[in-house]
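First up is the structure itself, then whatever we jot down about it.
Order of the sequence lines sets the chain letters (A, B, ...), proteins ahead of strands, with each chain counted from 1.
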Amino acid sequence: MAKKNKLLLIDGSSVAFRAFFALHNQLESFKNRNGLHTNALYGFHNMIEKILKEENPTHALVAFDAGKTTFRTEFYPEYKAGRAKTPREFTEQMPYLRELLKGFGIYYYELENYEADDIIGTLSAQADEKAFDVVVVSGDRDLTQLAKDNVKVDITVKGVSETKTYTVESIKEEYGIAPLQIIDMKGLAGDKSDNIPGVTKIGEKTALTLLQEYGTVEGLYEHIDDMKKSKRKENLINEKETALLSKKLATIIKDAPLAITLNDLVYNGPDTKKLIDFYKEMDFKSHLNRLDTSELEETLEANRSDIQFQKVTILTDEMFKDNQSIYVEMLTDNYHTAQVVGISWGNEEKIYACEPEVAFHSDIFKKWAEDGHSKKKTFDSKRTYVALKHHGIELKGVVADLSLEAYLLDVKDNSSDLAAIAEEYDYFDVATDESVYGKGAKRKVPEDKEQLYAHLARKIKAIAILCDQLMEKLEENQQTELFTDIELPLANVLADMEMAGITVNSKRLEEMKGEFAEKLQELEQKIYAEAGETFNINSPKQLGVILFEKMGYPVIKKTKTGYSTAVDVLEQLQDQAPIVAYILQYRQIAKIQSTYIEGLLKVIDKKTGKVHTRFSQTTARTGRLSSVDPNLQNIPIRLEEGRKIRQAFVPREENWRIFASDYSQIELRVLAHVSDDQHLKEAFIEGQDIHASTAMRVFGLEKAEDVTPNIRRQAKAVNFGIVYGISDYGLSQNLGISRKEAQQFIDTYFEKYPGVKQYMEDVVREAKDKGYVETLFHRRRYLSDINSRNYNLRSFAERTAINTPIQGSAADIIKVAMIQMEKALKASDLRATMLLQVHDELIFEAPEEEIETLEKLVTDVMEHAVALSVPLLVESDNGKSWYDAK
DNA sequence: TAGAGTGAG
DNA sequence: CTTTACTCACTCTAT
């Protein structure tokens, strides 16, 4: 026999409200990391979880009140009047309640002019007709009027996960009346909380007694003449209208015009993925742990369809066609050193997989891979390209890259795991790498090779389907050119740079290592002597104890976990604490030693003496590149000790040079362009010193000679601040001036550069309207907090809105230049090689005799990569090491 | 694995 | 009234 249908109906508004007040005394401990209160969500969650487990419904719905006005307020405006204002801490949780319900897989509904009660009443009646069992959950006892033989009503008591069940019998027992008589009782006695008046001097007790005798309000008035004379009878007669009105108000509608039917409410269990996201968002750690990801995987695994593919050992021409996808699997991040463990290719209809050696030794595979006319889709084209190139195959004809496409559509979608990206687009037919290979030290190819190839086949299918989908979305966003003309070709340029690598003089590093080790020892001894004991200087915690407890220096700043020992704090202590100078020196050298000397030595390729970084094209939210393993975009330069590290970066051959070109003030030039500020533009067009020019305008100086170095420094800080989305505090900290003075600088700046001010207002307004900002080339960044009620989140989003188009457009420009540069080098007979990009500069190595030509070429390409309304200016230098190319 | 700290543009 | 400049990666300690 089929399981009997059971409908669960929850009065969302009242339960959420109950949950909020049940946990109100702990309001402040229920907050997520963004400061959102979560107590109502938490209580509601636990109630639902419990009721689902107990009742195991086949259908479910959560009903909400739609708003303040309902058909009841139309005929009785005072209905529910006089209620205290809903606390903001409660209302801020309501949108997330809907997310929670999506996670539970429960439908929710609200209907204009009706209350949640009426939706529940109507559905309960419909379920009754179809002989469903019904469970109603509410915090409001009014709902008990719905009880029937097949309808029970759970009313929450103290807290929300505990409920009291009302059935026909229990109501009879407790009140001596039938459920429907509850409305008659309200008619007579009224209800304070809903502001239903009732009849004077009649309370619940009296009402019940009267109903025992007369059955209903109407029945009572039919026999009112039989009642013996009393004050009560008088009241009843005088207030007949009120009694009938009150009854009408208390009556739950059974025929509300719902746009949903029972069929819409089928309950299929939770969407574990969404629940996990919800728990993460709310910082519900205990729930998260309980519902570990293996459960999610199991759910998805169970729903995953079989994948058809052919594992092949001999490759034939028929297997390779135009418009296929290709995936080259490696189990570690670093594709320069990773081992390929499997290869798969094909289209939606036909998928092939083989062991790496089969493909690497196949001329047919090589011919197809290297055929630029044979179009290919990939997940991460740079990774794929490099892996194949290591085996003598030069991948060509790539027209799609799922990873890059997802990143351009939303810079937050930058996972290296295909399944994570697929999931974002509601594609679940591919497993995560972690579930197939495991994680950490246990990561390995599954024993059953079939599983590996099935996984790869699923990736091919996902790439085939999703690349097309995402390309359409790119087109909708006007991002096709950004993808096709910039990001995709750039991937190849970057691959070549990474593979070229930069030569590192490890002997020089070893020498420095020895010198620094000695210095560190000396400093260590001095610090211990000052402190009077030994301790771990690298531990901010231990250092804090020494400085602020043992030695008793004043605490200037605190961190979440204890005393702050950051540079700015230590610098303030320097005068009174001799130990501090040593600590600062120690920190500086320890950083150089561990990160730049030991760190770099570890990643030098022993055979070639080179390091091969990886440029990530999908990490930075602004569109910049990032560099990892090693990070070659933060090699020291500001302080001499660190700068010496650059002496170890040398050309690959003797008599070659390191050549570096950088854009001068590219971000301010971009600002001049996008803001169209006349004065800023003029300064660049006339080739003025921009910081001096700003200084003259902001400080009202007449002659260039009046700009002292100090004034120029201040103006420079203001210019930086402008690009970052300035605040008076930030500027005051940077310049060591008062907040008031900083504000004065900013005000004057905006007065003198009205176009910049206008731009900032416009870009923030646009971000608030559209939810995202864009760069010159339509790179897009969504700012979900831009309309947040939380000041911090909103301010941060506003500054980001100002900064991203500037930083991002600069990133766009240098990317264009890089693509053109590689092309220009290939077209020339130069041996010069592009090696690195550091946000606004490009680093090359080249034979000495090419330097002159190279400089002309690079300058021309970089300066004309993009035409702005102000000129772009490039400055270059070269030397026998990176250090000397300053 | 998070947080503090520091390197770069 | 809040808080306090944008973008990253790496190393270390401590849990």
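Looking only at side-chain heavy atoms (C-beta outward), A:R781 and A:E774 stay at 4.5 Å or farther from each other. In this structure the side chain of A:F844 never reaches within 4.5 angstrom of the side chain of A:L836, judged on heavy atoms. Between A:I592 and A:E641 the shortest side-chain heavy-atom distance falls below 4.5 Å.
Electrostatic pairing of A:R614 and A:D629 counts as a salt bridge here, judged by a charged N lying under 4.0 Å from a carboxylate O. With respect to the salt-bridge test (charged N to carboxylate O, under 4.0 angstrom), the residues A:D605 and A:K610 do not qualify. A:E487 and A:K815 are joined by a salt bridge, as a carboxylate oxygen and a charged side-chain nitrogen come within less than 4.0 angstrom of each other.
Under 4.0 angstrom from either OP1 or OP2 of C:dC8 there lies no side-chain N or O belonging to A:T622. Look at A:R781 and you'll find a side-chain N or O under 4.0 angstrom from OP1 or OP2 of C:dT7. Contact annotation: A:K541 reaches the phosphate of C:dT15 (side-chain N/O to OP1 or OP2, under 4.0 Å). Between C:dA14 and A:S539, a contact under 4.0 Å exists linking OP1 or OP2 to a side-chain N or O. Note on A:S727: every side-chain N or O is 4.0 Å or more away from OP1 and OP2 of C:dA5. Between A:Q837 and B:dG9, a side-chain N or O to OP1/OP2 separation shorter than 4.0 Å is absent. Close to B:dG5, at under 4.0 Å from its OP1 or OP2, lies a side-chain N or O of A:S564. Considering only side-chain N and O atoms, A:T559 lies under 4.0 angstrom from the phosphate OP1 or OP2 of B:dA4.
Between the CG atom of A:N719 and the C1' atom of C:dC6 there is a distance of 15 Å, given to the nearest Å. Taking atom CD of residue A:E571 and atom P of nucleotide B:dT6, one finds them 9 Å apart after rounding to whole Å. Distance, A:L601 CG to C:dT11 P: 12 Å, rounded to whole Å. The CG atom of A:N792 sits 16 Å away from the P atom of C:dC1 (whole-angstrom rounding). For the pair A:H839 NE2 and B:dG7 C1', the computed distance is 11 Å after rounding to whole Å. One atom, NZ of A:K591, and another, C1' of C:dT13, lie 14 Å apart when rounded to the nearest Å. The CZ atom of A:F615 sits 13 Å away from the P atom of C:dA9 (whole-angstrom rounding). Between the OH atom of A:Y791 and the C1' atom of C:dT4 there is a distance of 7 Å, rounded to whole Å.
At a cut-off of 3.5 angstrom, the base of B:dG9 holds at least one donor-acceptor pair with the side chain of A:R624. Between the side chain of A:Q807 and the base of C:dC6, a donor-acceptor pair under 3.5 Å is found. Taking only distance into account, the side chain of A:R587 never meets the base of B:dG7 through a donor-acceptor pair shorter than 3.5 Å. The base of C:dT4 sits with one of its N or O atoms less than 3.5 Å from a complementary donor or acceptor on the side chain of A:R739.
A donor and an acceptor atom, one from each side chain of A:T748 and A:E751, are nowhere located under 3.5 Å apart.
Among the atoms of the strands shown, none is found under 4.0 Å from any heavy atom of A:T804. Among the atoms of the strands shown, only primed sugar atoms or phosphate atoms (P, OP1, OP2) are found under 4.0 Å from some heavy atom of A:T565. A:Q542 comes within 4.0 angstrom of sugar-phosphate atoms only, judged by non-hydrogen atoms across all strands, and of no base. A:N734 comes within 4.0 angstrom of a base, heavy atoms only. Within the 4.0 angstrom heavy-atom criterion, base atoms lie near A:A717. Nucleic acid contact for A:N803: sugar-phosphate only, since backbone atoms but no base atoms lie under 4.0 Å from a heavy atom of the residue. Among the protein residues, A:I635 comes within range of the sugar-phosphate backbone only, with heavy atoms under 4.0 Å from sugar or phosphate atoms but none that close to a base. Within the nucleic acid shown, A:L731 comes within 4.0 Å of at least one base atom, counting heavy atoms only.
Closest to the side chain of A:Y729, from the set C:dC8, B:dA8, C:dT4, is C:dT4. Residue A:D629 has its side chain nearest to C:dC10 when only C:dC10, C:dC6, C:dC8 are considered. Checking B:dG7, B:dA8, C:dC12 against every side-chain atom of A:Q588, the shortest atom distance belongs to B:dG7. Listed nucleotides C:dA9, B:dA4, B:dA8 differ in distance to A:V628; the shortest reach to its side chain belongs to C:dA9. Across B:dT6, B:dG9, C:dT11, the shortest atom-to-atom separation from the side chain of A:T595 is found for C:dT11. Nearest to the side-chain atoms of A:A620 among the listed nucleotides B:dG9, C:dC8, C:dC12 stands C:dC8.
One P atom belongs to C:dT3, the other to B:dG7, and the distance between them is 28 Å to the nearest Å. Taking the P atom of each, C:dT4 and B:dG3 are spaced 15 Å apart, rounded to whole Å.
In this structure C:dA5 sits in no base pair that meets the Watson-Crick or G-U test at under 3.5 Å.
Summary of the strand contacts: A:N536 and A:V723 both lie near DNA chain C, and taking for each the nucleotide with the nearest heavy atom, the more 5' one is attributed to A:V723.
When each of A:Q714, A:Q665, A:R713 is tested with A:H691 by the rule side chain to side chain contact (heavy atoms under 4.5 Å, CB included), just one qualifies, namely A:Q665.
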